[in-house]
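Take a look at the structure set out below.
From a predicted model like this one, the values you see are computed outputs, not experimental measurements. Hydrogens, waters and symmetry mates play no part in the numbers below; they use all other heavy atoms, side chains included. Each chain gets a letter, A, B and so on, in the order the sequences are listed, and its residues count up from 1.
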Amino acid sequence: MTLTRADVDHVATLARLGLTDAEKDRLLGELEAILGHIARLQQVDTSKLAATAQVGDLVNVMRPDVPEPPIGAAAALRNAPVSDGSYFMVGAIQGGELDG
Amino acid sequence: MTQTARAPATALDRYEVVIGLEVHAQLLTRSKMFCPCPADYINAGPNENTCPVCLGLPGVLPTINQQAVDFTVRTALALHCDIPDFTKFDRKNYFYPDLPKGYQISQFDLPLSLNGHLEFPVNGTAVRCGITRVHLEEDTGTMHHAGDVLQSAASSLIDFNRCGVPLMEIVGEPDLRTPEAAREYLVRLRQILTYIGVNDGNLEQGSFRCDANVSLRPHGQTELGVKVEVKNMNSFRAVQHALDSEIERQSAVLDAGGTLVQETRGWVETQGRTISQRSKEQAHDYRYFPEPDLPPLRLDAAFVERVRSTLPELPEARAQRFQTAYGLTAYDAAVLTDTRESADAYEALVSAGVSAKLAANWHSGDVAALANEHHQPLQHSGLGIAGLASLLRLVESGTINGPTAKELLAELYVSGGDPEALVRDRGLAQVSDTAALTALVDAAVAANPGAAADFRAGKQQAIGQLMRAVKDASGGKADMPVVNRLLRDRLSE
Amino acid sequence: MRSRAASLTASTITELAAALRDGSTTPRALLAAAVAHLEKSDKDLNAYLTVTRELAEQQADAAALTLEQHPDSASPLCGIPMALKDVLCVDGIETTAGSQILRGFKPPYTGTAVRRLFDAGAVCLGKTNCDEFAMGSSTENSSFGPVGNPWDIERVPGGSSGGSAATVAAGTVPYSLGTDTGGSIRQPAALCGVVGFKPTYGRVSRYGLIAFASSLDQIGPFTRTVEDCALVYSAIAGGDPRDSTCDPRAVADPLDSLHAGVAGLRLGIPHEYFGEGTEPGVRAAVEAAFAVLESQGATLVEVSLPSTDVALSVYYIIAPAECSSNLARYDGVRFGVRADRPSLTDMYLETREAGFGREVKRRVMLGTYSLSSGYYDAYYRQAQKVRTLVSQEFDAVFQDVDAIISPTSPSVAFPMGSRSDPLSMYLCDACTLPTNLAGLPGISVPCGFVDGLPVGLQILAPRFEDARVFRVAHAYEQATDFHRAASPFVGTAA
Ligand SMILES: [Mg+2]
Ligand SMILES: [Zn+2]
């Protein structure tokens, strides 16, 4: 699998990174090198291997349905870049945020 | 509106309509899905019911609410789903201001349940719709757009009270063929969810939400047509109208030899049409992967059986039993079992000694009307089930007549009180004693010679005036069937 | 070689705990000494991002009261200054993870591991510098400037927990907390000549740890001795209802078996851990350490971990994939720094473009790519399967040996700016990151010097055998003097 500049554009959009063209060019080279190194993964025969999503054998870790006091709006909004004192605020969404 | 409502009938002649519904239903837990915040997001001030976890602050971790898992399994069992013994949560990644973490914890390839179905009648014929899966996820926050029009809003306000409320996604197979069937599917699904106590079924407030996938294909064609997803329908009426109008739109395009594009469209109630929101090219790439912060779930048979034991008798089965056990008509049984409160109240009346038929008539008639009028089911009314039972026993024993019972019911429904005592104190007991009534009959005939003569001359309706006279003379307490008999005897002498 | 005994703040936890109880010092006195040493040394080291003096003074006074009222039941950590890597959340204290995007962020809560130390009477001196979001092996990726290595400030302290390693090596505090996702505790411990321990995955709660890669991250201590390390580990380990991946099983007290020695133990030496990047001096020091362990009665065994090489590839798929998702929350909406743009989309793009540094963007791009449709199976899913293979190879080796011994890092501390190419930097962790893939416990202890720069010995054990790691490490430490060596910064304020 070879990485293209179009891939870089697409991935940058998915990740919401407003990269400059210079950054995209640099990343194309760096990611190609890393993916090239990683390519050895494909040589491993994994036909008999299960996937490991997390180590450990824990299952059914659940909590009882008992409410605890929330921290409240004042504490929630304390770190907000922009708020009106009750709500978090963001700018124009213009027909539902860009997708992809 | 009427046009779009009529048009599909013709479209349905030319094309087979294929509809699949996706329902998101909030679970009635006390705390949120992955944090212990109170799940009540409506009665709290903006952002009051939040914590570091549901705000997606750096460093926090989710924890699974067991009640939400139980409720989802309960739902899956009610919908005849299989419960796999292994299930896990996954991250669904996308950016939106109402999604704090930048991903929704949901389920992808190994949901809590699979392969169920829902059966219901549409215009008398039975329809069976497959349930692909029922899985568990978390709700998002809510946004308010300045001016309420997303496109033109200069800024939006975000409230995270709803964020993290447990949400069940119920994915239906594309087995529905008409908007009516789609509507009926939703009515039945909602009835079941409220019956088993996992959801409050409020479409307007959004605790029960529906998206639809609609496509058309020529009759006889096996492969599906181009699928369009329709969103923003917040009432059963809206669902039917939105589907009607979308079917009309698609058939118009196809009739004109055009081709449809796979897209997501939103229903705009005010314009009575759907408008495009997102095309396939713009489709999300959600990058699902297993949620590393949550160990998987192994729901063994014991767990499933424990949940199964919490399942109440479902409306379908209960209606059947009502017909056989209480000799009710299918219609009465359906009306009485419409909600769980109604069915429970009915059976309480019967076990309190009221005859099944009488209880059915009153409960689905006057009582239902009062319950609506006062927005108060019988259980929570002042009269209560015991009160109604004793009132109806008075009717059955013939102690009071129908009209009196109606008046007492209306009076006591809210205020409450002991019917027997009232009947005694106010002397409302009806007069059935023949001697007393014969005296009144004689007086009435004497006082209305004209009417008596007319009747004797064969003018049947003339008896009405005489009966009214007796009724008035008895202060409304006379047992009128008896009066009728006595009058006829008297006049035929 | 200079000895750290010269400085009060360079003493061990056990020494200070005794001093606090025999009245020869007080929490306030220890704090004052630490602050003085920090003010003198940090101009050169840049180990601290925030000094939490007010919090420290409150904690010191509370600790003094506890020591006065219950000197015997009080924790050995009571009244002793410490520092926290800036990825650990403390209520009301700015926590940046070394990133511009979190400048000014004050968490409304304190994480579990930190809470346990605070409850034990710890005195928090400050938040330490680190690679941005713990992504790096040199702390050069901090957006607040690099950290100097106390043995040579022209060189890196290793990373990502460089500040936490450096402040212990500099003699400012006797211990600190770091986090280890691919070697971020053990590698800087090796490069700074201190003890650094990465617990079994699931032994220490991650609640309050700003996530880099959730299935790999663990919190662990930096100390000057193995015994101190065991003390701090005991204080933070154990189940936590707020972290579902934290194992509730009881934690064996490592102090119980600390002095059991290595006689009769079989120690495995994986030749794959001596790759071509291994510096001769490092190899010599580590082989000398092996000989010491043998002389203590351990049996040395050649073992093989064939997937060591490919483990790096597995790591650089899984860690970036998880980080690309974990870092999506930095969107300028609820906290942190927002780029002021009228449209939401532009705000997202600019906030993340301006707020994240090069390495973070690189890994977010890599992870997003490997999860995106069409590549998931070839990269992420394949990596998950090979991850299983890596664990199986460790399991097999542990059938034969009690512990694995190796170099912690192929090299000693390298000059700042000397590893600009990402791949060469990633190779720093060749000996440490397979451990995280398998969730094993691992430690690095000082085992010698090359041209005055410290070398670290790594000791690994099976999952939940954390106590065995301390036992072997302690046996080695007691047979050598390297842990007594002091960096030039030690005692400068005494
Ligand atoms: Mg969903
Ligand atoms: Zn919450």
Practice item. Specify which of C:Arg381, C:Arg341, C:Lys361, C:Met365 makes the most heavy-atom pairs with chain A at under 4.5 Å. Key: C:Met365

Review point. Going by the angle between their ring planes, with limits at 30° and 60°, are C:Tyr375 and C:Tyr379 parallel, tilted or perpendicular?
Key: tilted

Study note, to complete from the structure: In short, A:Leu3 meets C:Tyr369 closest at the heavy-atom pair CD1-CE1, 3.4 Å

Exercise for review: Please confirm whether C:Tyr207 and C:Tyr109 have ring centers closer than 6.0 angstrom.
Suggested key: yes

Revision key, fill the gap. Highest number of heavy-atom pairs under 4.5 Å with chain A among C:Leu327, C:Val364, C:Val333 belongs to C:Val333

Review point. Contact part of A:Gln43 toward chain C, heavy-atom cut-off under 4.5 Å: side chain, backbone, both or neither?
Key: neither

Check your understanding: For the candidates C:Ser244, C:Ser391, C:Ser215, which exhibits the highest count of non-hydrogen atom pairs separated by less than 4.5 Å from chain A?
Key -> C:Ser244

Exercise for review: For chain A, find which of C:Met347, C:Arg463, C:Gln392, C:Glu350 contributes the most heavy-atom pairs closer than 4.5 angstrom.
Suggested key: C:Arg463

Check your understanding: Can you tell which of C:Lys106, C:Glu322, C:Arg387, C:Arg334 has the highest number of heavy-atom pairs within less than 4.5 Å of chain A?
Key -> C:Arg334

Practice item. Please look at A:Ser83 and chain C and tell me whether the side chain, the backbone, both or neither of the residue comes under 4.5 angstrom of a heavy atom of that chain. Key: neither

Study note, to complete from the structure: Looking only at A:Val82, A:Val8, A:Asp45, A:Thr20, most heavy-atom pairs under 4.5 Å shared with chain C are made by A:Val82

Check your understanding: By a 4.5 Å heavy-atom criterion (distance strictly below it), what part of A:Leu17 contacts chain C: side chain, backbone, both, or neither?
Key -> both

Point to revise | Side chain / backbone / both / neither for A:Met89 at chain C, heavy atoms under 4.5 Å | key: backbone

Practice item. Answer with side chain, backbone, both or neither: which region of A:Leu19 has an atom nearer than 4.5 Å to a non-hydrogen atom of chain C? Key: both

Check your understanding: What do the steps show when you test C:Tyr330 against C:Phe335 for ring pair (Phe, Tyr, Trp, His ring centres under 6.0 Å), and what is the final call?
Key -> CA-CA 8 Å; C:Tyr330 305 98; C:Phe335 53 82; 5.8 Å; yes

Review point. Hey, are the side chains of C:Glu132 and C:Glu359 touching, using non-hydrogen atoms and a 4.5 Å cut-off?
Key: no

Point to revise | Options C:Ser307, C:Pro107, C:Ser313, C:Pro248, ranked by heavy-atom pairs under 4.5 Å with chain A, top entry | key: C:Ser313

Practice item. Examine whether an atom of A:Leu41 lies under 4.5 Å from a heavy atom of chain C, and if so say whether it belongs to the side chain, the backbone or both; otherwise answer neither. Key: both

